[in-house]
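I have placed the structure first, in the form of structure tokens, so that the comments after it can refer back to it.
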Amino acid sequence: MIFSKIESYEDIVKKLDKKEDKIAIISCNTCARTCGNGGINKLNELGFRLIREGYNVTDEAVVLYACSEPILRESKLNIDDANTIIVLSCSAGWSCFTRNYPDKKVLMVTEDIGLVISDTDREIFKVVMPYKGHESELGKEYRTYTGEPLASKKIKLRCVA
Amino acid sequence: MIISVRSLSYDELKRNLSRDDKIVLWSCDTCVKHCGIAGMDKMTALEDMLKEDGYTVIKKELISESCQVNLAKKHKAAQEDLFNEATAIITLTCELGYQCVRNVFPKIKVIGTAKTFGSGNFSNKKGPILTSPLPNTGLELNPEGYSLKNLVETFDLQQGFFDFDKVPNPEKITITVDGKPLNVKKDANLLDELLANRMKIPHLCYDSSLGAIGACRMCLVKIEGKRGLVPSCCTQIEEGMVVTTEDEEIEKLRKSILQMIVAECGEEIQQSRDIRFWLRRYKITENRFKLSKQEEAVDDSDEVLIRDPNRCILCGRCVSACAKLSGQKVINFANRGSNTVTITGLNDNFANTDCAHCLACAHYCPTNAITPKAISKKISGYPFWTLITYPKKMTRSTRAG
Amino acid sequence: MQNTIILPPTKETELKQFIRNITADAKRKDLIQVLQAVQEKYGYLEKESLRLVATNLGVSFSEVYGVATFYHQFRLQPPGMYVIQVCMGTGCHAKGNADNFENLKLLLEMKPGQHLSKDKVFSLEAARCFGCCSLAPVIVVTDSTGAYRKVYGHVDQKGLKKILAEYRKKAKEQEESETKCEMMVCQK
Amino acid sequence: MRNDGLPKVIVNDKKDFKIKVPMASCTIAAGANEVLLSINAVVESMGLHVEVTPVGCMGLDFIDPWIELSKKGYPSTIYGNVTPDIVEQIIREYLDRDYSSAYAFRSGKPNDSTVPALDELDVWKNQVRWISGKCGIINPESIDEYIAVGGYQGLKKCLERAPEETIEELKKANLRGRGGAGFPTWIKWNICKEQPGNVKYVIANCDEGDPGAFMNRLLAESDPHRILEGLIIAGHTIGANRGFVFVRAEKPLAAKRLMKAAEDARAKGFLGGNILGSGYCFDIEVFLSAGAFVCGEETAMIAAIQGERANPIQRPPFPAVKGLWGMPTIINNVESLAHVATIMAEGWEKFAALGTEKSKGTKMYCVTGAVQRTGAYEVQIGTPIKKLLYDIAGGPPEGKVIKAVQLGGPSGGCVPADMFDLPMDYDSLQSAGAIMGSGGMVVLDNTNCMVDMARFFLSFTTAESCGKCSVGRIGTRLMYETLKRITKGEGTIDDIELLKETSDVMQKACLCALGRTASNPILTTLRYFENEYMAHIKEKKCEALVCKSLVTYCIDQEKCKGCLVCAKNCPLQAISGEKGSTPVIDISKCVKCGTCLDSCPFGAITKVSGRVCEKSVKVEEGCRQ
């Protein structure tokens with residue numbers, strides 16, 4: 001599973017233009033949702049706020065995987081009205097949309113932290129292979145569906161390097 | 001998806017094993033399968049090779065998502081005795097899956113076979129590509145991606161699956177199918193071998209990853225010396241078998257059974273790919289059988305999956321997938337006789353179950369009764385969310401790619 | 001003598017305790033026996049007990065539900081004070097027990113799909129052969145836990161009414177004695 | 001004690017007056033409990049020294065509850081249909097040597113009595129009571145009594161010799177499974193015995209799901225040790241150390257008796273470690289099934305014992321190769337096991353002398369429905385149906401005509417009256433479309449509608465199939481819905497074709513035997529009673545007055561006195577009228593419950609075949625809705 005973190009709202013807004021941008025928000029329903037970064041909840045959170053603050057959001061969609069072209073095609077996304085796409089997924093999802101919508105501006109609003117193993121029964125996941133710049137995250141544990149760091153220092157998932 | 005490439009040659013793998021090891025093969029059914037180095041067929045190939053070389057493989061374990069520790073634990077719990085006996089596990093998974101297995105089986109020797117490079121895409125043209133490499137690769141983020149071939153060359157790794165090193169040569173025997181001789185694997189599943197030889201046999205409940213269920217009765221064939229018709233999915237190949245896969249009687253039966261299934265489920269089921277295919281092939285336009293049907297509520301409580309009981313043909317694939325692949329056993333049959341239904345949890349909504357969202361049920365459902373959810377909303381125009389369910393299967397299309 | 005007041009255990013803790021006791025040495029294969037024991041004590045299997053059985057036995061919820069709905073013996077709905085089981089065996093059918101079943105529904109004023117009479121005294125079940133075919137048509141009346149069990153043979157229209165009246169009276173007496181007990185407790 | 005073979009029997013003959021009361025579920029249902037209480041009270045009040053023994057049921061259900069009195073110097077006398085209030089009178093008469101109200105003498109018939117001896121009675125003399133001979137004679141809860149009548153001798157013989165010899169003996173006896181299919185028992189055992197490994201299981205099938213059959217229950221309640229003995233022999237022969245008795249929870253008394261028997265057998269050293277000093281260890285567990293007809297299927301029964309949903313699985317592999325928990329397992333019907341025990345004790349020669357060339361021995365049948373003497377009877381295999389129904393069961397009750405007999409339960413078929421010369425053996429019945437099944441026989445007369453019977457069986461299989469395989473689940477439902485249409489008068493000629501086509505698919509494609517045979521009731525009724533189907537479809541008539549939609553209630557104006565009792569009793573107020581004149585039945589409200597018919601003191605209300613116009617009360621020929 002891939003753990004990515006979303007930028008703050010302010011940072012996202014900085015990349016948007018209120019007048020010009022017609023925005024489509026795409027949310028990934030797999031890893032990103034588990035790590036508290038996608039799914040319908042995050043989509044609604046961002047979407048409602050943007051609309052409330054006067055941004056021109058034209059489409060919202062949840063797709064199963066943002067990183068698979070066959071799934072993208074099957075999802076029958078109709079986002080022709082938009083010229084800007086916000087992808088709530090890891091950078092792989094962003095790559096996929098960048099390639100498939102070359103004429104649109106695809107915003108990267110998330111940052112990959114690392115590859116994780118998870119335990120959905122206990123609702124935790126743990127970084128096993130960190131991405132560049134997040135080497136210090138190795139071995140850290142987070143809460144699933146929210147992505148909050150686990151308060152307790154006690155390590156729940158044993159890591160064998 | 002996570003991109004991994006095989007890092008071990010077959011000889012290196014053998015060096016890690018000893019002759020008296022009791023080996024369990026452990027494979028993931030998600031990303032790494034699409035990278036071409038895992039899955040049931042790959043495990044079977046590896047098993048054949050190892051057996052040929054005199055090793056003991058005691059189990060092939062397919063897991064729906066190997067990066068979930070809880071699923072691995074459930075697999076262990078379900079077969080405590082078997083894993084107590086095992087002395088080595090070969091993981092056909094990414095490095096995360098390898099970590100999980102080490103985590104769950106600290107006392108058993110675990111051999112990883114893949115190197116994980118980071119996350120990537122599945123491209124229709126190029127297949128799996130690496131787009132977001134991990135730092136130790138020295139590569140940069142690239143939306144166009146690095147192909148697997150590229151990675152193999154750059155990092156001096158192994159191309160494809162083990163069968164490129166050494167084609168397994170399992171014992172072959174000859175059986176007669178529809179009057180012609182056919183070379184097949186000894187002791188293999190009859191339906192598997194027939195399908196592998198490009199014969200069209202209708203089957204709705206069987207998948208080689210899930211094992212035989214024998215519920216749909218579509219794959220019936222005639223075998224000389226056996227009474228009546230037998231489902232080929234539940235038949236082991238024997239020396240000198242004489243099989244008839246198609247004649248007037250069999251076709252008539254298959255037609256009737258297909259019509260029965262459609263009658264029970266309602267017309268909507270005809271949209272399902274497999275059903276539509278066979279309806280066309282058998283030129284069925286009208287259904288002789290009619291049954292009263294009660295519409296049941298679609299369960300869309302879950303964030304990821306939608307379950308439409310009206311499309312369920314009770315083939316049992318999801319039940320098998322949930323039990324065998326994920327180990328969760330969230331889905332099961334309830335009631336008896338003509339009231340049989342599939343339920344989740346204690347007849348709860350999907351959302352109120354322990355579902356780990358490994359998607360095994362959805363991948364294996366032949367009629368899209370369980371599908372992953374895709375939602376889209378036009379902010380201008382349509383005020384409502386519209387649900388789109390996938391007409392095709394992710395696994396199939398990616399396999400084709 | 002004692003000054004401490006012992007509060008009666010609430011139903012939940014009692015149920016928990018009971019299921020913990022019966023599942024103490026049980027394994028997966030004992031699921032049916034465990035469910036039988038729960039039903040014998042409580043008369044039916046409510047969702048909470050299924051949940052507890054599943055957790056204590058380490059079986060998944062769906063498996064427990066699947067088994068509980070497969071077999072005849074298990075009830076997932078609360079039964080009435082008395083359960084009327086109408087034999088649906090061949091012998092009884094040939095002698096007209098299907099009519100008895102329909103008539104019981106009429107007499108108990110049950111709508112289709114209902115199994116419990118309005119006053120909750122009776123619940124009606126179609127049962128399988130009891131092996132008393134020579135008494136056909138047969139109905140069996142049990143109390144909710146199955147401890148009391150009486151077989152009635154050669155039942156007809158009039159017989160049904162008589163049986164219903166008999167048990168209505170019994171139920172009333174029981175209720176009265178219960179309220180009496182309560183009153184006595186109050187007086188104390 | 002174990003070394004010198006069988007334990008000694010302590011015969012309790014302190015009291016010379018014995019009363020036997022049958023305590024089986026059938027007799028208890030008929031009131032044996034009350035009779036027992038009454039006997040105890042009477043005996044006490046009369047100051048008699050009497051030993052009251054509970055015994056099993058001897059299968060003569062039509063005289064339930066019966067009691068047997070035997071006093072030294074008096075004949076052993078059976079009294080039938082005893083009620084608590086005549087107990088005292090019976091005992092007084094008996095002591096006065098007045099046997100006029102007796103049913104029969106078991107032994108010592110006085111020369112001057114007109115009461116027959118049991119052996120002279122048609123119902124008894126035509127039977128061959130090979131395995132049921134001790135039912136109703138011994139106390140089922142006493143192991144001593146079983147041993148006293150020669151019990152556990154067969155086991156002793158078997159333990160002293162190699163298992164191969166037991167199989168050889170069974171082979172010579174040529175015992176075929178009594179569960180229904182008639183598979184030779186020795187072959188099944190031999191396959192299992194040949195399997196490698198030392199963990200094997202034996203299961204006694206006492207599930208008896210067939211509605212209308214109760215011989216397994218009768219055996220388990222009346223002579224449980226015979227079943228256990230057979231089971232232990234089976235275990236010894238195949239090399240199993242563990243056995244199960246699979247009993248339905250709806251038959252609690254059978255389960256209780258079997259548990260008690262196992263306990264006693266354990267105490268006497270017939271079960272447990274080192275049985276009778278032979279070094280062989282075996283123990284059993286009585287498994288209470290939660291009830292599902294499909295459990296009669298071997299693989300389903302195995303799933304049930306494992307605590308799962310009882311779904312059958314595709315065979316092969318057969319349970320004898322891979323069964324309970326993946327180990328070789330044999331499953332035998334309790335009747336077969338009782339046969340094994342008896343054959344081992346009496347020798348195969350006696351067994352093989354009974355029956356026909358291909359099927360040896362005897363079979364128990366439960367005869368219910370439209371006969372004078374209902375009960376469970378044991379006859380030689382190959383006995384014609386006629387002999388069983390007329391000579392033993394006494395033919396139809398007065399004024400009725402037997403139309404057909406339903407054999408073998410939901411998997412069996414109906415045999416019409418003109419084929420009653422058919423000998424009852426596996427092959428002849430199969431050729432007639434029926435099966436021996438477990439041996440349930442429901443006799444149907446002219447008040448039974450054959451289409452309705454078929455519908456009944458299909459409603460049973462629809463609800464009772466496991467629901468796993470598509471053909472079994474959908475096919476049964478299709479046939480049931482079609483039959484329901486026909487019995488409602490909505491059928492068409494096309495429906496007959498549909499039924500035939502569906503049954504063809506089911507026979508060929510179903511996973512388990514339940515599904516493959518589910519259409520037998522339809523096929524046989526279609527074969528022998530097509531005219532009834534046609535009457536339902538074409539004329540919308542049900543001559544037997546069973547199918548409610550095709551029956552109308554009318555009031556005969558000549559007989560009606562206008563008392564309005566019917567109107568008062570009608571639960572749906574469908575009858576209205578004024579006192580003194582003939583009331584009218586509102587057909588739109590009438591649900592045809594029959595209350596009015598039962599309540600009319602003058603017999604003025606009748607059922608008529610066919611439908612009528614809404615307005616009309618009387619049937620007019622040709623007038624249909």
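Because only heavy atoms are used, hydrogens play no part in the values below, and waters and symmetry mates are left out as well, while side chains stay in. Lettering follows sequence order; numbering is per chain, from 1.
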Go through the atoms of [X] and report whether side chain, backbone, both or neither lie under 4.5 Å from a heavy atom of chain C.
X	answer
L444(D)	side chain
D452(D)	both
A310(D)	both
C295(D)	side chain
F457(D)	side chain
R309(D)	both
D598(D)	both
V367(D)	neither
E308(D)	both
V546(D)	neither
P252(D)	side chain
L572(D)	side chain

Side chains of [X] and [Y], donor plus acceptor under 3.5 Å:
X	Y	answer
K170(C)	Y148(C)	yes
H72(C)	Q85(C)	no
Y152(C)	E166(C)	yes
S465(D)	R473(D)	no

Under a 4.5 Å cutoff for heavy-atom pairs, which residue among [options] has the most contacts with chain D?
options	result
E102(C), Q39(C), R28(C), E63(C)	R28(C)
N103(C), V151(C), T90(C)	T90(C)
H93(C), H154(C), Q73(C)	H93(C)

Less than 4.5 Å to any heavy atom of chain D: does that hold for the side chain of [X], its backbone, both, or neither?
X	result
K161(C)	side chain
D30(C)	neither
K158(C)	side chain
Q33(C)	side chain
A136(C)	neither

Atom CD of E109(C): over 12 foreign heavy atoms under 6.0 Å: no
Counting heavy atoms not belonging to K607(D), are there more than 12 under 6.0 Å from its NZ?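 Count over threshold, so yes.
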Would you please test E125(C) and R75(C) for side-chain contact (heavy atoms from CB on, under 4.5 Å) and show each step? CA-CA 10 Å; E125(C) 280 173 11; R75(C) 270 183 221 122; 2.6 Å; yes
Can a salt bridge be assigned to the pair [X] and [Y] using a cut-off of 4.0 Å between side-chain N and carboxylate O?
X	Y	value
D143(C)	R149(C)	no
E48(C)	R51(C)	yes
R248(D)	E208(D)	no

Geometric cation-pi criterion, K592(D) with Y553(D): 6.0 Å, 45°: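 No, a cation-pi geometry is absent between K592(D) and Y553(D).
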So which of [options] has the largest heavy-atom pair count under 4.5 angstrom toward chain C?
options	result
G307(D), A376(D), A463(D)	G307(D)
R373(D), E464(D), M453(D)	E464(D)
A304(D), G440(D), A213(D), P571(D)	A304(D)

Under the side-chain hydrogen bond (donor to acceptor under 3.5 Å, both in side chains) rule, what do N97(C) and N100(C) come out as? Steps first, then yes or no, please. CA-CA 5 Å; N97(C) 230 11; N100(C) 277 340; 2.9 Å; yes
Work out which heavy atom in L253(D) is nearest to a heavy atom in S25(D); give both atom names and the distance.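 Nearest pair, atom of L253(D) first, then S25(D): CD2-N, 3.6 Å.
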Looking at CD1 of I19(C) and OG1 of T55(C), how far apart are the two atoms once the value is rounded to the nearest 0.5 Å?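 Going from the CD1 atom of I19(C) to the OG1 atom of T55(C) covers 8.5 Å.
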